[in-house]
Amino acid sequence: MKKHISLFIAVIMVFSFMLTGCKGKEVTPENTSNDSETDEGVSITDSETSETDSQTEPEQTVSKADTSGMDFGFEESEPLSSGQAGTPASEVAYNITSGGVYTLSGAIIDTTVVVDAGKADVDLILSNANIQNSKGPAIFIRSADKVTITLADGTTNTLSDGSSYSVTDSGSTLDAAIFSKADLTVNGNGTLIVNGNYKHGIVSKDDLIISSGTLNVTSKNVGLNGKDCVKINSGNITVNAGSDGIRSDNNSDTSRGYVYLYGGTINITAGNDGIQAETVINIEDCLLTVEAGNGSSDSLFNSAESYKGLKAGSDIYITGGIFNINSKDDCIHSNGSITISGGDYTLSSGDDGIHADTDLEISGSETKLNIKKSYEGIEAVNLYIRDGNISIVATDDGLNAAGGNDSSGGGMRPGMGHFSSSTGTMVISGGNIYIKMGGDGVDANGSVTITGGNITVSGANSGDTSILDFDTTGDISGGTFIGTGASGMAQNFSPSSTQGSIMVSTNTQSAGTNIELKDSRGNVLISHTADQSFSCIIISDASIVSGETYTLTVGSSSASITMNGTVYSSGGSGGPGGPGGFGGWFGFGGPGGPGGRR
């Protein structure tokens, strides 16, 4: 029989939207009735995930006049099971059983709108719709090829589910205010408010695409979940989630389970991870603000949960955008590699600012990276810095290749001890880098190679910390390096370096002390003001060469240094000292360095 309802729901026309989803060009349509579907022969690469979907929006908007005199043709179908002997009329589901454009306007209370259209495309236009179902999902897409939810211009639409479900579906575990087993796209210029009172806000078991519109999603668990992928092209999106903010969780197909952002303004407050992808996170552009796990002020110790800003199971690619991330755990984390070649970042972390389990590369002169708070600033097995403007504040190490001290953090930091010793590689070939740390500044459990860039290290003057720390070799052949810190475990660059380097130990000098290096003609080569107290200085620059004599002034004291090789060390554990190390004879305090005058 026909069900007459006062809600404006009308079939306008039947047409097919040629919307390219997240499956890639070679993928044929899938059986959307299977939650665990996969496609053959498709693999994710950076270039493939950067393809833009060609969303087709409706060509006409349904007005009240369009529907006058029409018999709204929702067929009463078999109701979703309520677990009761009889299903009350209020729990009867209304099915959209054929493709076309349907406008929903007004209120539907305690009823699920069901799309069950087989392989057809369906467009749902929400025009001041208010769907509240205390017994199950507001919208359940059981079958379709693609479904587009279009937010009519200037309208505000609200979809809410109940805090518990009495309705079920034999083919699905319903757990979201909008639950889809087909590709789902949200577009339009209206507003959509989603309240996921049971578990999740919006769930697609295929692809979830947001092309435009204003979305405000509040959920008890995950805010936005696309099993195969989540793509955001544009829009103003706010997510307040009890667990993950945005998630793609296909763990059975390595070509799925990714998140791709190429536009939009996104604000996420998440109880766990801000954005979590089973495979790849690919970001070309967006304005992204994330607070994960109540932010960096909360303690991370003794926690088995994940509270990361961005978290990927394989790789992260970022080429642009503006990022403000405040997370209890790592701000940006990958179980594989991270490639950053653009973007403006402000990061505060209770653990690492940026962490990759394998390779981490930062490039692009336009890259601006400000790690305002971290335990370790940037960490990976192999770390490559090509360019960019980087500022790091860390309570432990600033730059760390291969994990640093495995006992750091008292043995309670999640993921600690992952790296093996003497295997890390750090290569710095460009960029402007500032590091203020409580541990080591530049630390590699393997080798350090510096061929360019301007590097400033401000270390704590205490404990077994050091400006520079490496296990095998530390070679410098270009760029400028100026570091201040503790002298007890100080280490200079290796004698194999082709660029001159000077390391001296001093009496404890206060923050604000000026350091100046002049050549034999009185030209100032290096001038630096320390912003923490120190007892050791390391300077390397192309102007420091073997056979030349230099004057080093620290505060009001000066001394002459003659370079008999490329590396001069006084104190610490660095390379061979020059004639006349910086001992008490020069008024800097401490014994002369190896090979120096005592």
Side-chain angles (χ1 to χ4, degrees), residues 21-24 36 38-39 42-51 53 183-184 200-210 217 219 221-233 237 239 241 243-264 266 268 270-286 288-290 292-293 305-321 323 325 327 329-340 343 345 347 352 354-360 380 415:
C22 302
K23 294 185 173 59
S36 61
T38 60
D39 294 321
V42 179
S43 60
I44 290 180
T45 65
D46 189 12
S47 59
E48 284 180 349
T49 61
S50 65
E51 292 179 0
D53 292 274
D183 294 341
L184 176 63
H200 313 309
I202 302 176
V203 168
S204 170
K205 291 298 183 179
D206 278 341
D207 309 340
L208 176 58
I209 303 168
I210 299 174
V217 179
S219 62
N221 288 359
V222 179
L224 302 176
N225 193 121
K227 181 177 181 180
D228 283 354
C229 73
V230 176
K231 283 189 175 184
I232 298 176
N233 176 37
I237 302 163
V239 177
S243 58
D244 298 338
I246 297 175
R247 184 177 72 183
S248 185
D249 57 350
N250 189 330
N251 59 9
S252 61
D253 186 344
T254 57
S255 69
R256 303 288 181 265
Y258 63 91
V259 174
Y260 177 33
L261 309 179
Y262 48 110
I266 305 167
I268 300 172
N272 291 109
D273 300 325
I275 297 177
Q276 191 263 323
E278 194 68 31
T279 57
V280 172
I281 294 176
N282 190 345
I283 302 176
E284 289 190 9
D285 188 25
C286 67
L288 176 64
T289 301
V290 175
E305 294 288 329
S306 179
Y307 308 98
K308 298 173 174 64
L310 304 180
K311 176 184 175 182
S314 57
D315 304 302
I316 295 177
Y317 305 95
I318 306 177
T319 57
F323 304 86
I325 302 176
S327 57
D329 203 338
D330 303 344
C331 288
I332 302 175
H333 175 102
S334 174
N335 292 348
S337 69
I338 296 176
T339 302
I340 294 173
Y345 306 79
L347 309 179
D352 300 338
I354 305 177
H355 171 101
D357 278 3
T358 58
D359 299 341
L360 198 164

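It should be emphasised that the depicted structure is a prediction, and the values quoted were computed from it without experimental measurement.
Paired with Ile318 under the rule side chain to side chain contact (heavy atoms under 4.5 Å, CB included), one option of Asn282, Leu310, Ile338, Thr339 passes, and it is Leu310. Exactly one residue among Ile246, Ile232, Ile275, Ile237 makes a side chain to side chain contact (heavy atoms under 4.5 Å, CB included) with Leu288. That residue is Ile275.
Side-chain atoms of Ser243 never come within 3.5 Å of backbone atoms of Gly271 as a donor-acceptor pair (strictly under, hydrogens ignored). Side-chain atoms of Asp244 do not come within 3.5 Å of backbone N or O of Asn272 as any donor-acceptor pair. In this structure, Asp315 contributes its side chain and Ser337 its backbone to a donor-acceptor pair below 3.5 Å. Judged purely by atom type and a 3.5 angstrom limit, Thr279 uses its side chain to pair as donor or acceptor with the backbone of Gly257. Without hydrogens or angle criteria, Thr358 side chain to Gly336 main chain gives a donor-acceptor distance under 3.5 Å.
Annotation: side chain of Ile210 is not in contact with side chain of Lys231 (no heavy-atom distance under 4.5 Å). Under the 4.5 Å side-chain criterion, counting only non-hydrogen atoms from C-beta, Val222 is not in contact with Val203. Residues Ile354 and Leu347 form a side-chain contact, since some pair of their non-hydrogen atoms from C-beta on lies under 4.5 Å apart.
Aromatic ring centres of Tyr258 and Tyr260: separated by at least 6.0 Å.
Counting only N and O atoms by type, the side chains of Ser248 and Asn250 include no donor and acceptor under 3.5 Å apart. Under the 3.5 Å distance criterion, with hydrogens and angles disregarded, no donor-acceptor pair is assigned to the side chains of Asp329 and Ser327.
Residues Asp330 and His355 approach most closely at OD2-CB, 3.5 Å, considering heavy atoms.
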